[in-house]
There are 2 protein chains.
Amino acid sequence: MSTDLPPLQGTPTLEDVARVAGVSRATVSRVINGIRNVAPDIQETVQQAIATTGYVPNRAARSLVTRRTGSVALVVSGAGGDAGGEPFESQVFADPFFGRVAGGAVAFLRPRGIHPVLMFAETAHARDQVIGYLRQGSADGALLVSTHGEDPLPRLIVEAGLPAVLWARPARPTPISYVDLSHRAGAELAADRLVARGCRRVATISGPFDVRASQDRLSGFQDAMARYGHPYIPGVEGNFTHDSGEAGMHRLLAEHPDIDGVFAANDLMAQGALLALREHGRAVPDDVAVIGFDDSSAATACRPQLTTVRQPMEDMAGEMARLLLAHIEDPDFQVTSVIFPPALVVRQSA
Amino acid sequence: MSTDLPPLQGTPTLEDVARVAGVSRATVSRVINGIRNVAPDIQETVQQAIATTGYVPNRAARSLVTRRTGSVALVVSGAGGDAGGEPFESQVFADPFFGRVAGGAVAFLRPRGIHPVLMFAETAHARDQVIGYLRQGSADGALLVSTHGEDPLPRLIVEAGLPAVLWARPARPTPISYVDLSHRAGAELAADRLVARGCRRVATISGPFDVRASQDRLSGFQDAMARYGHPYIPGVEGNFTHDSGEAGMHRLLAEHPDIDGVFAANDLMAQGALLALREHGRAVPDDVAVIGFDDSSAATACRPQLTTVRQPMEDMAGEMARLLLAHIEDPDFQVTSVIFPPALVVRQSA
DNA sequence: GTGAAAGCGCTAACAT
DNA sequence: ATGTTAGCGCTTTCAC
């Protein structure tokens, strides 16, 4: 039937497919990359040849000429060192937050054949490694989630001229695209709810002050409460962990035993606060109403279930990915920021 | 001072460094790859040139000739579709389990300059995508975590002759390396503890039956209890989620109101069980003792804190990575399985 | 010990 | 509409 061709050894290449199909490499390349200007019948022949050879394009070779890798870095950057000696990599996913962000990014990228490379950047050395990785052309750009404000990575990335999109506005003004939530609006929703419930002595467990989002949630809450005639709001600083929420609530209760409402800057801390309240024999929400932030899995894993400010993380992460691809596609794509609105999810705790 | 060289445009290449250093590309390549047979002074000169040019090797070009990418795929494979329409990507990280595995793998890989590419494989199409990705040479191998037993991916990978290591023994015998825990031993630890506490009417909330680990934890528990003179152990099947644990406990209580001890196949379900018990007014551990599995963050996020069977996930993930690199390094590396021992972590719930 | 030269597999001008 | 050709940036024999 067919002409006898020398058997292929190793992975088939474009050349092999071309030989089997009886056309040139260029033509095969064209049908693979879906470029028109290829006669239908030839197209068919080539497809056949691809199938019989089991050809798969070599990523490195393609990458070398296109200068694109088809992958992006998903970088989690931060200080680490909070959770008693536990390595940063382990801490990161302790908050359901990161998983949702990763999931949201993947949901957008995967249909486009792009996969994220997971990287952590908690030390100067790790940051250099990330920059080097990007500069090598190992990834086309970066999705960057910083866990604290003074992260130098955004600046380093801008200086290196690499495409990137941040989760959350950078602490210091940096010409880089980002996606964020209106944290102040979220805090306001919490304040509204607490006041509407009739709470008169509310307090707050904030996130770490070196995180901009923490500041915004705190000041947004304080301002809203001030507008309701409560100029002074007792507060303690947590670090977004369950334990810090529990400890914070204990402190709050010790100093202000008459508290009847609490706004915690994330669900994990709110969950911790619930534990402390129970220990003190306070009923939630009747004695003390509690509102969290994020609408993470923690919100429904405790009793009473948390009323919380929802942050549409998956959508936000998807938007980050969308912006990043735009930047990669067009180097002149304008620096953009997209701010999402929060929503109050009412459950049992307030 | 130095001879004036034409200015470099774009990223510097080996060629540029060679020109600046006044040597050949080959020599620069040698010092970069740490190959000896380069005179110390030349070495110095080259290093200098690398520094002044800001040279970074191009990954694609290197990859093309070495046939190595320096990255591995971290694939989470499973059925999905449990959690009410939520996309698989989002479900995955809902269990703290995956975050710890990812963290453990990164801890091992990162110092070696290798970064994992995150992939999900919950549908036939997604599986093909993973295989294709690997066959393209986009990653040197795969770390594979399956969420259910009948996952066809291990077989597909073996057929494609790709280096890979599994989390947990594959359901059907497959010539592929894996790392696992002695689930039976873990279940035994739980049984021992429950019996030692004086529990006489124990029950269990198992994981999904199509997961081998669930079967082993269940049968290991049953066998151990049988040895203690309890041949029949009431049980319900959960799916490793918080909610299924809660629902399971309600069912158990309805059918066996006199239960005084429960072994749940993971911490999330144990946490859910705690909620159900509280709702029924049962004190833990006095009325009912509860033991979980995994020693995840959920174990300390509830009250009473969970006594649980610890699975050294980070170590196990690290070992997976170690085995994978061995397979990549040496294609003849023997298929290996490593079984880790569990440990009982005693807290308050039992 | 160092350099010259030959590719790795692919895409993209440029011809035809 | 298809083929020819010239690289992309690197490693690696093979000479010297």
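- Remark: B:M119 CE to B:S77 OG distance equals 11.0 Å, nearest 0.5 Å.
- Applying the side chain to side chain donor-acceptor pair (under 3.5 Å) rule to B:S138 yields the partners A:R59, B:Q136; only residues at least two apart in sequence or on another chain are considered.
- Within 6.0 Å of the CD atom in A:E159, the count of heavy atoms belonging to other residues, nucleotides or ligands exceeds 12.
- Side chain of B:D330 to main chain of B:A326: no donor-acceptor pair is present (N/O by atom type, distance under 3.5 Å, no hydrogens or angles).
- Atom CD1 of B:I32 and atom C1' of D:dT11 are 11 Å apart (whole Å).
- The backbone N or O of A:R68 sits less than 3.5 Å from a side-chain atom of A:T66, completing a donor-acceptor pair.
- With respect to the salt-bridge test (charged N to carboxylate O, under 4.0 angstrom), the residues B:E122 and A:R110 qualify.
- Of the side-chain N and O atoms in A:N33, one or more sit less than 4.0 angstrom from OP1 or OP2 of C:dT11.
- When rounded to the nearest whole Å, the span between CD1 of B:I35 and P of D:dT11 equals 8 Å.
- Between the P atom of D:dG7 and the CD atom of B:E15 lies a distance of 13 Å, rounded to the nearest Å.
- Between the C1' atom of C:dG9 and the CZ atom of B:R67 lies a distance of 8 Å, rounded to the nearest Å.
- Axis angle across the helix from C:dG1-D:dC16 to C:dT16-D:dA1, with five pairs used at each end and values rounded to 10°: 40°.
- Residue A:W167 is tested with A:F340, A:Y178, A:F97, A:F98 for a ring-ring contact (aromatic ring centres under 6.0 Å, His included); the sole match is A:F97.
- The two residues A:S146 and A:D151 make their nearest non-hydrogen contact at OG-OD2, 2.5 Å.
- Rounded to whole angstrom, the span from the CD atom of B:Q136 across to the P atom of C:dC10 amounts to 10 Å.
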Enumerate all atom pairs, one protein N or O and one N or O from nucleotides 1-4 of chain D, separated by less than 3.5 Å.
| from | atom 1 | to | atom 2 | distance (Å) |
| --- | --- | --- | --- | --- |
| D:dA1 | OP2 | A:N37 | OD1 | 3.1 |
| D:dT2 | OP2 | A:A39 | N | 2.4 |
| D:dG3 | OP2 | A:S24 | N | 3.0 |
| D:dG3 | OP2 | A:S24 | OG | 3.1 |
| D:dG3 | OP2 | A:T27 | OG1 | 2.7 |
| D:dG3 | N7 | A:R30 | NH1 | 3.4 |
| D:dG3 | N7 | A:R30 | NH2 | 3.4 |
| D:dG3 | O6 | A:R30 | NH2 | 2.5 |

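- For B:S29 and D:dC10, the shortest distance from a side-chain N or O to OP1 or OP2 is not below 4.0 Å.
- Listed for the B:R112 side chain is a donor-acceptor partner under 3.5 Å among the backbone atoms of B:F108.
- Per the geometry, CG belonging to A:N58 stands 17 Å off P belonging to D:dC10, to the nearest Å.
- If you take CZ of B:R19 and P of C:dA4, they are 14 Å apart, rounded to a whole angstrom.
- C:dA4 atom P lies 14 Å from atom CG of B:L14, rounded to whole Å.
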